[in-house]
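Worksheet: the structure to be examined is printed underneath.
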Amino acid sequence: MPEMPLLLRSVLYMPGSNARAIAKARTLDADAVVMDLEDAVAPEAKAEARKLIAEALHEGGFGSRYRVVRINALSTEWGADDIASMKGVPLDAILAPKVCSAADVARLSVAMRDAAFGPEVALWAMIETPEAILKLSEIAAAAKDSPLACFVLGLNDLAKDTGIAQLPGRAAFQPVLTMSVIAARAHGLAVIDGVCNALDDEARLVAECEQARDGGFDGKTLIHPKQVEPANRVFAPTEDDVAEARAIVDAFADPANAGEGALRVNGKMAERLHLLQAEKCLLRAQVIADRR
Ligand SMILES: CC(C)(COP(=O)(O)OP(=O)(O)OC[C@H]1O[C@@H](n2cnc3c(N)ncnc32)[C@H](O)[C@@H]1OP(=O)(O)O)[C@@H](O)C(=O)NCCC(=O)NCCSC(=O)C[C@H](O)C(=O)O
Ligand SMILES: [Mg+2]
């Protein structure tokens, strides 16, 4: 499985047909950028968008931002050409919409191989259909034989196909959010929350980011530059997180605790599994600090 970056707090979509947005993405603090060929691009603009994306990626300038191209589903008239048009283009992942089964993952895997993508190019799967929810485990398990490395929630499509309303708090979606995280983690995948359509409601965006962070997601997909900073802030370790992590690491490094499995650190139990979490937290905080 291709390795995922340590930071996927902010995953910003932009229409592949929008040259200005793609150019702006090079200046934004998003951890990942997703150039879209699917729903954000009109049928008559798809061919031009493929060219625009390929040129922009060849031109480069995206720095450490993880580069993702969202294709159309292979079942559409555009999917196969989308993948073929990215042959030889420098990118980090293909995001496939409406993945419904392990067979879909296998077909995407073959198409990526036919387009000569290297083993480092990941496949990200959108979880956005009722069928996918019923087969979360099967789809995630397909990572074993494919470059599948990440789930991305698509709650707009899921709302459309199920009738579940996208209300503040997302109570009716909670089981889907949790089961997506569980399935992804059971097979070592990263997992990113769906978008917040309310462009001018930062409080709602922050609430969704906090819900996703506490629910185990790595980050949130976004649709506008002004959503990047709140997502980066919410999904980053806080100063308290870092202080607690450092205390755990220091406690286990203390020769006086050599051979201990469980320690009392600042009034809480810390075991070796907490040490691993603490080390990851410090690493993430360091990467963020280095970027600044
Ligand atoms: C939603 C938008 C159409 C809003 O556009 P607009 O009101 O025109 O934006 P602004 O005038 O506020 O833009 C200000 C500047 O920022 C740039 N910009 C805007 N959006 C982006 C972006 N996403 N990435 C990069 N840069 C962006 C503008 O170009 C302006 O720049 P400048 O002119 O230099 O000042 C628009 O934001 C937009 O198109 N968003 C992305 C839409 C998209 O990609 N949708 C597809 C993914 S969402 C989805 O499909 C989810 C899933 O599948 C599901 O089912 O849920
Ligand atoms: Mg969708």
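Every number for a ligand or one of its atoms is a count from 1 in the order of the listing.
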For residues 18-26, which side-chain N or O atoms pair as donor and acceptor with protein atoms under 3.5 Å away, sequence neighbours left out?
{"residue": "Asn18", "atom": "OD1", "partner": "Arg20", "partner atom": "N", "Å": "3.1"}
{"residue": "Asn18", "atom": "OD1", "partner": "Ala21", "partner atom": "N", "Å": "2.9"}
{"residue": "Arg26", "atom": "NE", "partner": "Gly60", "partner atom": "O", "Å": "2.6"}
{"residue": "Arg26", "atom": "NH2", "partner": "Ala56", "partner atom": "O", "Å": "3.2"}
{"residue": "Arg26", "atom": "NH2", "partner": "Gly60", "partner atom": "O", "Å": "3.3"}

Next item on the list: May I ask you to test the Gln286-Arg284 pair for a side-chain heavy-atom distance under 4.5 Å?
Entry: no
Notebook entry, point to check: Taking side chain as C-beta onward, heavy atoms only, is Cys150 less than 4.5 Å from Val191?
Noted result: no
Notebook entry, point to check: In terms of side-chain heavy atoms, does Asp193 have a donor or acceptor partner in Gln211 at a distance below 3.5 Å?
Noted result: no
Checklist line | Asp161 side chain to Thr129 side chain, donor-acceptor N/O pair below 3.5 angstrom | finding: no
Check: Counting only protein N/O/S, how many atoms fall short of 2.8 Å from the Mg ion (ligand 2)?
Finding: 2
Checklist line | N-O pairing of Arg233 and Glu202 below 4.0 Å | finding: yes
Note to self: Between Lys98 and Glu38, does any NZ, NE, NH1 or NH2 come within less than 4.0 Å of an OD or OE carboxylate oxygen?
What the structure shows: yes
Notebook entry, point to check: Can you name the residues that come within less than 4.0 Å of ligand 1, going by heavy atoms only?
Noted result: Leu12, Tyr13, Met14, Pro15, Arg20, Ala21, Lys24, Asp36, Ala40, Arg70, Met126, Glu128, Gly154, Leu155, Asn156, Asp157, Leu199, Ile223, His224, Pro225
Note to self: Suppose we screen for ring-ring contact (aromatic ring centres under 6.0 Å, His included). Which residues come up paired with Tyr66, at least two apart in sequence or across chains?
What the structure shows: Trp124
Next item on the list: Would you give the length of the straight line joining atom OG of Ser101 to atom CZ of Arg107, rounded to the nearest 0.5 angstrom?
Entry: 5.5 Å
